[in-house]
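Along the sequence shown, residues carry numbers from 1. All values derive from a computational prediction rather than experimental measurement.
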Amino acid sequence: VNLDNVTFIDMNIDEDYMYWVRDFSPFYVFDNKDLSIVDFTYNRPSRTEQNSVPSKLATYFDMSYSKMSLTHTGGNLMQDGRFTAFSDDLVVQENNNNKTKVNSQMKQYCGIDNCVITIDPQGDYIAHIDCWGKIVAPDKIIVAKLPATNPRYDYYELAATELGNTKCIYGYNYRI
């Protein structure tokens with residue numbers, strides 16, 4: 001990387017947590033042709049330094065800033081670039097099991113028409129979709145495949161089936 005093209009911004013983040021940057025960084029959206037920052041309440045409330053990063057970035061880059069009234073984490077959000085977003089059910093749980101609120105906030109602030117909420121096949125504390133899936137095209141999703149002997153195998157297969165039964169922007173089901 002040519003460091004002449006890189007700007008380092010000191011955010012005063014505890015070194016024990018700075019590697020979670022995808023989780024606490026803002027969502028970036030285009031409002032017409034202007035790039036803007038959309039913030040959310042990071043789902044680690046005790047990490048106040050990380051929670052302040054989106055507003056600091058907006059100030060530093062003189063960008064438009066808005067904040068959803070949604071608890072979320074960047075690792076639990078993927079988008080297909082065509083108005084559909086994917087998360088596992090942690091986002092609903094962390095917002096008082098109010099899927100309507102999740103959908104309306106994502107529509108209002110991020111322009112997401114379709115929020116696909118699936119199970120967390122890992123069944124562990126982190127519950128981030130980026131730990132087991134990746135959107136690679138507007139109609140294609142990679143889902144981790146476990147050996148049939150793994151105790152979580154059926155959960156991964158269920159998540160893959162749920163996503164594979166979801167229509168993409170082109171009118172057919174996502175390819176898994």
Is the number of heavy atoms from other residues, nucleotides or ligands within 6.0 Å of CG (Asn165) greater than 12?
yes
Path from Phe27 to Met78 over hydrophobic side-chain contacts below 4.5 Å:
no
Looking at side-chain heavy atoms only, is the closest gap between Leu163 and Tyr174 below 4.5 Å?
no
Spacing of Cys110 atom SG and His72 atom NE2 [to the nearest 0.5 Å]:
8.0 Å
Roughly how far apart are Phe83 CZ and Ile112 CD1, rounded to 0.5 Å?
8.0 Å
For Gln105 and Ser69, does a side-chain donor sit closer than 3.5 Å to a side-chain acceptor?
yes
Hey, does the side chain of Arg82 reach the backbone of Ile169 with a donor-acceptor pair shorter than 3.5 angstrom?
no
Shortest non-hydrogen contact from Tyr109 to Ser66?
CD2-OG, 3.6 Å
Measuring only between side-chain heavy atoms, which start at C-beta, is Phe24 closer than 4.5 Å to Glu49?
no
Find out whether Thr41 and Leu70 are in side-chain contact, i.e. whether some heavy atom of one side chain is under 4.5 Å from a heavy atom of the other.
no
Which heavy atom of Cys168 sits nearest to which heavy atom of Pro138, and what is that distance?
CB-O, 3.6 Å
Passes side chain to side chain contact (heavy atoms under 4.5 Å, CB included), Thr118 versus Asp89? Steps please.
CA-CA 6 Å; Thr118 187; Asp89 52 13; over 6 Å; no
To the nearest 0.5 Å, what is the distance between CD1 on Ile176 and NZ on Lys140?
11.0 Å
Does a side-chain heavy-atom distance below 4.5 Å link Ile129 with Ser87?
no
Following the transitive rule for hydrophobic clusters with a side-chain heavy-atom cut-off under 4.5 Å over Ile, Leu, Val, Met, Phe, Trp and Tyr, establish whether Tyr28 and Tyr65 coincide in one cluster.
yes
For a 4.5 angstrom cut-off between non-hydrogen side-chain atoms, does Thr73 reach His128?
yes
Would Val21 end up clustered with Phe61 when hydrophobic side chains under 4.5 Å apart are linked, directly or stepwise?
yes
Closest non-hydrogen atom pair between Phe30 and Leu35, with its separation
CD2-N, 3.8 Å
Is there side-chain contact between Ile141 and Val136, with at least one heavy-atom pair below 4.5 Å?
no
For the side chain of Asn95 and the backbone of Val91, is there at least one donor-acceptor N/O pair under 3.5 Å apart?
yes
Donor-acceptor side-chain pairing of Asn76 and Asp130 below 3.5 angstrom
no
Same apolar cluster (I L V M F W Y, side chains within < 4.5 Å links), Ile9/Tyr17
yes
Separation between OH (Tyr172) and CZ (Arg175), nearest 0.5 Å, reads 5.0 Å
When you compare the side chains of Tyr155 and Asp120, does any donor N or O come within less than 3.5 Å of an acceptor on the partner?
no
Working to the nearest 0.5 angstrom, can you tell me the gap between Lys56 NZ and Asn51 CG?
11.0 Å
Side chains of Tyr42 and Arg47, heavy atoms from C-beta outward: is any pair under 4.5 Å?
yes
Nearest atoms (heavy-atom pairs only) where Gly164 meets Asn173
O-CB, 3.0 Å
Does any N or O in the side chain of Asn98 come within less than 3.5 Å of the main-chain N or O of Lys101, such that one atom is a donor and the other an acceptor?
yes
For Ser55 and Ser52, indicate whether the former's side chain and the latter's backbone hold a donor-acceptor pair under 3.5 Å.
yes
Is it true that a side-chain atom of Asp39 and a backbone atom of Pro54 form a donor plus acceptor pair closer than 3.5 Å?
no
Just verifying a value: how many Å separate Leu158 CG and Tyr153 OH, rounded to the nearest 0.5 Å?
12.0 Å
Minimum heavy-atom distance Cys115-Met106, with the two atoms named
SG-CB, 3.6 Å
I'd like to know if the side chain of Gln122 and the backbone of Cys131 have a donor-acceptor N/O pair within less than 3.5 Å.
no
Is the closest side-chain heavy-atom distance between Gln79 and Ile135 below 4.5 Å?
no
Would a hydrophobic clustering, with Ile, Leu, Val, Met, Phe, Trp and Tyr connected at side-chain separations under 4.5 Å, put Val1 with Phe8?
yes
For residues Asp88 and Ile119, report the shortest heavy-atom separation together with the two atoms involved.
CB-O, 3.6 Å
